[in-house]
Participant: 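Got a structure here, written out as C-alpha cells. Questions coming.
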Protein chains: 2
Amino acid sequence: MPGKTDLSTLNCSLARALAAAGDWWTLLIVRDAFLGLSRFGEFRESLGIARNILADRLAALTAEGILRQEGTPRRPRYRLTRKGREMMPALVALMQWGDKWQSEGRPPMLLSDESGEALAKVRVTTRRGKEVSAVRFRPGPGANPRTKEFFERRARNAER
Amino acid sequence: MPGKTDLSTLNCSLARALAAAGDWWTLLIVRDAFLGLSRFGEFRESLGIARNILADRLAALTAEGILRQEGTPRRPRYRLTRKGREMMPALVALMQWGDKWQSEGRPPMLLSDESGEALAKVRVTTRRGKEVSAVRFRPGPGANPRTKEFFERRARNAER
DNA sequence: CTGTATCCTTAAAGATACTG
DNA sequence: CAGTATCTTTAAGGATACAG
C-alpha cells in the first residue's frame, strides 16, 4: 500500500477493487475463507500472520462487507458475504495465471464444489460469446473530468 | 507487502501470483499497459507515481517477464509479453467486481478491442461448461508436505 | 526523456505481553 | 480462543537533485 497516494481517487474500478481487497494478506484471507476456514485461529495458522494484523484485516474485510461475523461474538466465525463470494472469478483467474506462469511444482487443482469436476480456464468473452484477447476502455456516463481528459489525451496521442 | 513473510513460500498459486504482480502499483501499471501506455513518462503521468518507484516496478515487471523493453534503450517502450497479456482475465474479473461493488459513479466500460462489443461478465465453469458458484481445492501431484498436511487437517476438521 | 542516487517520512508488519 | 495494546523494526513510498 503506497504511503501517500490514495488509489481510490484514481476513478478506476481496478484501483477501487485493490483499495478494498488489494493487499496480500487480504486476498489470502479471502482465499482461505473460500477454502472453508472461518476461525481466527484457523486463518492464523494457515497464514502465519501476526495476531494484530489478522485482527485488523478481518475487521477491515467485515467493514467492507466482504466477510461477516457469525455465531457468538466471543468466538465468531468469519464467513464470506455475497460480495465476498463474487470475488471468486478474480481469485480463480489469478490462481490460474499463477499456476501457469509462476509454478514449477504442481499446485492444488481447482474443482467445482458441487460436481467435483475440474475447472475450465477462465475466459473473457463479449456478450455474444466471442472470445476476447484484447480489451479497450471507454469512459462511462459517470466518468469524472480527469478520466475523460485521460481518454481524449489517449486518442490524440494514438498518432505515436 | 508484508515486511517479513515471504509469501512465495506459501505453496499457493495465488500467493505466487501476488508475489509477482500483487502490489497496487504493479497491477495498475499492467492495466495501463493494456490501455496502450508504454512510455516511462506516460505511466508516470497516468499514475502520479514517484520516479524511483516506477523505475523499480518497471524493472521488476521486466525481470518477471510480464513486460518487455522495446525500441531504443535510451527511450524504451514497455510492452506486455504473452505472460503479461494473459493477466487479462484476472484484471477484467477484478475490474468487474470493482464495478459492481465499489463504484457509485459509472466507471469506464470494457469493450473488446477487436469488435468493440461490450464484455460479458467473467464466469467460472467446469470443463464441460457448467457454471460454478463454489470451488474447493485438491492438492496437486507436486504438492509439498505442508500443503498435503493442510488438506488432511482440513478433512479431519470438517466435523466442526 | 528516462532514469539513478539520496534522503526522509510514514506506515505496515512482527513480536510479545496482556485481557475477557 | 479471540482478540487488544505496545513497542520496535523495516521497508515502501515520496521528493528532489542530478546524470546520460
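Naming: A, B, ... by sequence-line order, numbering from 1 per chain.
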Participant: Take the protein atom CG of B:Asp23 and the nucleotide atom C1' of D:dA12, then report the distance between them rounded to whole Å.
Facilitator: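 Interatomic distance, CG of B:Asp23 to C1' of D:dA12: 9 Å.
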Participant: How close do A:Met88 and B:Val132 get, counting heavy atoms only, and between which atoms?
Facilitator: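 Heavy atoms only, the tightest pair is CE-O, 3.5 Å.
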Participant: With distance as the sole test, does A:Arg85 use its side chain to make a donor-acceptor pair with the main-chain N or O of A:Leu80 at under 3.5 Å?
Facilitator: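 At least one qualifying donor-acceptor pair exists.
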Participant: In this structure, how many angstroms lie between the P atom of C:dA5 and the CD1 atom of B:Ile53, rounded?
Facilitator: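 Rounded to whole Å, this separation is 14 Å.
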Participant: Can you name the residues that form a salt bridge (Lys or Arg N to Asp or Glu O under 4.0 Å) with A:Arg44, not counting sequence neighbours?
Facilitator: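 If we apply the salt bridge (Lys or Arg N to Asp or Glu O under 4.0 Å) test to A:Arg44, skipping adjacent residues, there are no hits.
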Participant: Describe the nucleic acid contact of A:Asn52 in one word from base, sugar-phosphate, nothing, applying a heavy-atom distance below 4.0 Å.
Facilitator: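 The residue A:Asn52 makes base contact.
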Participant: For the helix from C:dC1-D:dG20 to C:dG20-D:dC1, what angle lies between the axis at the first five pairs and the axis at the last five pairs, to 10 degrees?
Facilitator: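 Comparing the first five pairs with the last five, the axes sit 50° apart.
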Participant: If you restrict it to nitrogen or oxygen atoms, what contacts under 3.5 Å exist between nucleotides 1-3 of chain D and the protein, and what is each distance?
Facilitator:
| from | atom 1 | to | atom 2 | distance (Å) |
| --- | --- | --- | --- | --- |
| D:dC1 | O3' | A:Arg75 | NE | 2.9 |
| D:dA2 | OP2 | A:Gly41 | N | 3.0 |
| D:dG3 | OP1 | A:Tyr78 | OH | 3.4 |
| D:dG3 | OP2 | A:Tyr78 | OH | 2.8 |
| D:dG3 | N7 | A:Arg51 | NH1 | 2.5 |

Participant: Can you list everything that forms a salt bridge (Lys or Arg N to Asp or Glu O under 4.0 Å) with B:Glu114? Sequence neighbours excluded, please.
Facilitator: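 Partners of B:Glu114 under the salt bridge (Lys or Arg N to Asp or Glu O under 4.0 Å) test: none.
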Participant: Among all residues two or more places apart in sequence or in another chain, which pass the salt bridge (Lys or Arg N to Asp or Glu O under 4.0 Å) test with A:Asp56?
Facilitator: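 For A:Asp56 there are no salt bridge (Lys or Arg N to Asp or Glu O under 4.0 Å) partners, ignoring immediate neighbours.
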Participant: Counting distance only, does the side-chain N/O of B:Gln102 pair as donor-acceptor with the main-chain N or O of A:Leu18 below 3.5 Å?
Facilitator: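 Checking the backbone N and O of A:Leu18 against the side chain of B:Gln102, no donor-acceptor pair under 3.5 Å is found.
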Participant: Would you mind reading off the distance between B:Asp56 atom CG and C:dT4 atom P, rounded to a whole angstrom?
Facilitator: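 It is 9 Å, rounded to the nearest whole Å.
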Participant: Salt bridge (Lys or Arg N to Asp or Glu O under 4.0 Å) with A:Glu64: which residues, sequence neighbours excluded?
Facilitator: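 Partners of A:Glu64 under the salt bridge (Lys or Arg N to Asp or Glu O under 4.0 Å) test: A:Lys83.
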